Amino acid sequence: LDAGVHPDGGVFLAWKWAEGQPLRLPTKRPAQALRWVLQVAAILEDSHRNGLVHLLLRPSQILLSGARGERSVCALLGLGLTSALGLPSKTLGPQVLDYAAPEIRRAEPIESEAADVFSLGRILRGLLGLALIGPAGDLSNLVLTLSNSQKQALSALLERMLQTSP
């Protein structure tokens, strides 16, 4: 891992090579989807602890590694449009807007890590086969392998993650 300023004035970050396949939506394995989201949340927590927000979190930024039949391990690619808190977000392309938090789409200053939490909520919805946009909704028929209390907890989690005003 290395970081610095290039002689031409550009800033660079370098980190170890990650092998794997990009995350694909949806999955038929909700328990695995939750494990992946928890792994990504742990990676983001470390970034956030250091005052960095990813801002471009989307499925193609998440790599899954591990042989078939093994538990997949997530790696988070790049740091997207990484911003320090309090700086305005940058213009985003259409491939990112499906997962971008409302404040990013409005090009407002990023005041908290909530932008990444929102994006991760959208990814979780996609993994579970839900529409990316709209209320969390009733999950009672969605995930047959979860108990009713787990479905209620998941629905409440998605509602909190997808708040439009952090």
Side-chain angles (χ1 to χ4, degrees), residues 13 20 22-64 72-166:
L13 292 171
L23 183 67
R24 290 191 181 22
L25 307 180
T27 182
K28 294 179 181 172
R29 302 176 304 178
Q32 181 63 59
L34 294 173
R35 281 192 291 274
W36 292 334
V37 167
L38 288 173
Q39 287 180 36
V40 173
I43 295 167
L44 289 172
E45 180 181 32
D46 188 51
S47 295
H48 295 164
R49 201 175 307 119
N50 290 296
L52 296 175
V53 185
H54 191 285
L55 302 182
L56 278 182
L57 189 60
R58 60 192 189 278
S60 63
Q61 292 287 304
I62 300 169
L63 280 187
L64 300 175
S72 298
V73 176
C74 291
L76 188 56
L77 293 180
L79 292 173
L81 287 176
T82 301
S83 176
L85 294 177
L87 296 178
S89 60
K90 298 158 182 78
T91 304
L92 301 175
Q95 75 279 11
V96 179
L97 290 178
D98 283 344
Y99 301 94
E103 61 271 27
I104 293 173
R105 285 182 264 163
R106 294 187 299 258
E108 295 175 355
I110 305 304
E111 301 296 337
S112 78
E113 299 86 359
D116 286 346
V117 174
F118 182 94
S119 297
L120 190 56
R122 285 262 173 106
I123 291 169
L124 178 56
R125 284 180 68 127
L127 283 167
L128 296 174
L130 296 169
L132 297 179
I133 299 171
D138 179 16
L139 303 180
S140 60
N141 295 322
L142 175 68
V143 185
L144 300 176
T145 58
L146 297 178
S147 70
N148 284 336
S149 63
Q150 289 171 320
K151 291 174 192 175
Q152 290 171 349
L154 180 57
S155 183
L157 173 66
L158 281 169
E159 259 183 61
R160 287 191 65 201
M161 292 176 83
L162 297 170
Q163 290 178 4
T164 56
S165 297

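Just so it is clear, the structure is predicted and the values come from calculations on it, not from any experiment.
Of all heavy-atom pairs between Leu55 and Ala115, the closest is CD2-CB, 4.2 Å. Here the shortest heavy-atom pairing between Ala101 and Phe118 reads CA-CD2, 3.4 Å. Of all the heavy atoms in Ser119 and Ala100, the pair that sits closest is OG-CA, 4.1 Å. Across every non-hydrogen atom of Leu25 and Pro59, the tightest pair is CD1-CG, 3.6 Å.
From Asp116, atom CG reaches atom CD1 of Ile43 across 11.5 Å, with rounding to the nearest 0.5 Å. Taking CD from Gln39 and CD1 from Ile62, the interatomic distance works out to 10.0 Å, rounded to the nearest 0.5 Å. Interatomic distance, NE2 of His54 versus CD of Glu113, reported as 14.5 Å (0.5 Å rounding). Atoms OG and OH, on Ser60 and Tyr99 in that order, are 8.5 Å from each other to the nearest 0.5 Å. Here Leu124 contributes atom CG and Leu158 contributes atom CG; the two are 4.5 Å apart, rounded to the nearest 0.5 Å.
Side chains of Leu127 and Val37 form a contact here, defined as non-hydrogen atoms less than 4.5 Å apart. Inter-residue side-chain proximity for Cys74 and Leu63 is flagged as unmet; no heavy-atom pair is nearer than 4.5 Å.
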(message) Arg122 vs Leu162, test: side chain to side chain contact (heavy atoms under 4.5 Å, CB included). Steps then yes/no.
(response) CA-CA 7 Å; Arg122 285 262 173 106; Leu162 297 170; 3.8 Å; yes
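The side chain to side chain contact (heavy atoms under 4.5 Å, CB included) test with Val40 singles out one residue from Leu57, Ile123, Leu23, and that residue is Leu57.
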